[in-house]
Amino acid sequence: MIRPIAVVGPTGTGKSALALDLAERLGGEIVNADAMQLYRGMDIGTAKLPVAERRGIAHHQLDVLNVTETATVGRYQTAATADVEAILARGAVPVIVGGSMLYVQSLLDDWAFPATDPEVRARWEARLAAIGVSSLHGELASVDAEAAASILPTDGRRIVRALEVVELTGQPFAASAPTIGEPRWDTLIVGLDWETERLDERLRRRTNAMFDDGLVDEVTALCERGLRDGVTAARALGYAQVLEALAETASEGGADAAIAEARTRTFMGTRRYVRRQRSWFRRDHRIHWLDGSDPGNLDAVLAILQHVS
């Protein structure tokens, strides 16, 4: 029986390399589960693997959205499910890889999303515009403290969605979360992580490499394609910080200092995101955790696959 394999875990742990090794060894195809890698042109800042480095292995759910389009978990779930089932039908092994928590869980747990109401959504979006994201986060905390604790106070889109769900269902936002049970398609889930200090150093080097390799130029080019108008793309780590820096330099000058600050804030934001990823994935008892620094992880996964089959 062919089983999909999901490679999950925090940013910067080596998931893409392990997924490629698995796909190459098992005759598989990659299904991306990184929300920001869905976007065309967002390459440097998302550490998207260049085509020339994909070893001729088919990749799915990469470069499927323009930066002006809104990425949603529901759209991803539908499209990625079709990809996985088509790969299985071809007799190949789907290798799902990424660290976007909701995207991974929506795919593996067949998440049934709460209904949405355009009028209710529009009313909360208007409220966001009127009072600002921080104040709206406070309003969410007053009606659903658990949801407020799990959503960043700067994430206006998720705050609006949580308030919409609470209003429509009369239940806490968490009540709409999927139940962790047997993963769809009997998927084997492996996770990569590193010791915190070592991962922080990897993230620092990764951030510096992105800026040194042209992230600012990439953001500038994407602005001409509407990046500033994107609801989700413009909020991606690195891109949001560079956009702020570009806005500051346009009005005040001091480009070098602003970009240096953007570099620092990108690193710090990535570290915070890694803590959230780690907390989320560690709650999933199905994940077989591996040390990302271990060069024998390919063989370890193959051994797990054989043992649990």
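Taken together through direct or relayed side-chain contacts under 4.5 Å among Ile, Leu, Val, Met, Phe, Trp and Tyr, L62 and I5 form parts of separate hydrophobic clusters. Both L26 and L192 belong to a single network of hydrophobic side chains, linked directly or stepwise wherever heavy atoms of I, L, V, M, F, W or Y lie under 4.5 Å apart. The hydrophobic cluster containing M42 does not contain V231, counting ILVMFWY residues as joined when their side-chain heavy atoms lie under 4.5 angstrom apart, directly or transitively. Put simply, L152 and V143 are part of two different groups of oily side chains (I, L, V, M, F, W, Y) that touch within less than 4.5 Å, one to the next. F281 and Y103 fall within a single hydrophobic cluster, where Ile, Leu, Val, Met, Phe, Trp and Tyr are joined by side-chain heavy atoms under 4.5 Å apart, directly or via other members.
At a threshold of 4.0 Å, the pair R198-D291 does not count as salt-bridged, since none of the basic side-chain nitrogens sits closer than that to a carboxylate oxygen. Checked for salt-bridge contact, R205 and D212 miss the test: no charged N lies under 4.0 Å from a carboxylate O. Salt bridge R55/D21: present, at least one basic N to carboxylate O contact under 4.0 Å. Checked for salt-bridge contact, D200 and R275 meet the test: a charged N lies under 4.0 Å from a carboxylate O.
Between the D144 side chain and the F173 main chain, a donor and an acceptor come within less than 3.5 Å of each other. No donor-acceptor distance shorter than 3.5 angstrom exists from the side chain of T187 to the backbone of A6, with no hydrogens or angles considered. With hydrogens and angles ignored, the 3.5 Å screen pairs a side-chain donor or acceptor of Q277 with a backbone N or O of G99. Remark: side-chain polar atoms of R3 are paired, donor with acceptor, to backbone N or O of D186 under 3.5 angstrom. Under the 3.5 Å distance criterion, the side-chain polar atoms of R276 are left unmatched by any main-chain donor or acceptor of R272. Between the T81 side chain and the T78 main chain, no donor and acceptor come within less than 3.5 Å of each other. Using a distance-only test at 3.5 Å, with no hydrogens or angles considered, a donor-acceptor pair links the side chain of E218 to the main chain of I44. Side-chain N or O atoms of H137 include one that pairs as donor or acceptor with a backbone N or O of A148 at under 3.5 Å. Checking side-chain atoms of N32 against main-chain N and O of D34 turns up a donor-acceptor pair under 3.5 Å.
R157 pairs by the side-chain hydrogen bond (donor to acceptor under 3.5 Å, both in side chains) definition with nothing, not counting sequence neighbours. Taking W124 as the reference, E167 meet the side-chain hydrogen bond (donor to acceptor under 3.5 Å, both in side chains) condition, with sequence neighbours excluded. By the side-chain contact (heavy atoms from CB on, under 4.5 Å) test, L237 is found to be paired with Q241, T270, Y273, residues two or more places apart in sequence or in another chain being considered. Under the rule for a side-chain hydrogen bond (donor to acceptor under 3.5 Å, both in side chains), the partners of E164 that lie at least two apart in sequence or sit in another chain are T116, R121, R161.
The cationic atom of R283 (NZ for Lys, CZ for Arg) lies less than 6.0 Å from the six-membered ring centre of W280 and within 45° of the ring axis.
Sorted by first and then second residue, the ring-ring contact (aromatic ring centres under 6.0 Å, His included) pairs with a member in residues 27-53 form an empty list; sequence neighbours excluded.
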Using residues 12-19 as the side-chain source, report each donor-acceptor pair under 3.5 Å to any protein atom, sequence neighbours left out, with the distance given to one decimal.
| residue | atom | partner | partner atom | Å |
| --- | --- | --- | --- | --- |
| T13 | OG1 | P10 | O | 2.8 |
| K15 | NZ | G9 | O | 3.4 |
| K15 | NZ | P10 | O | 2.7 |

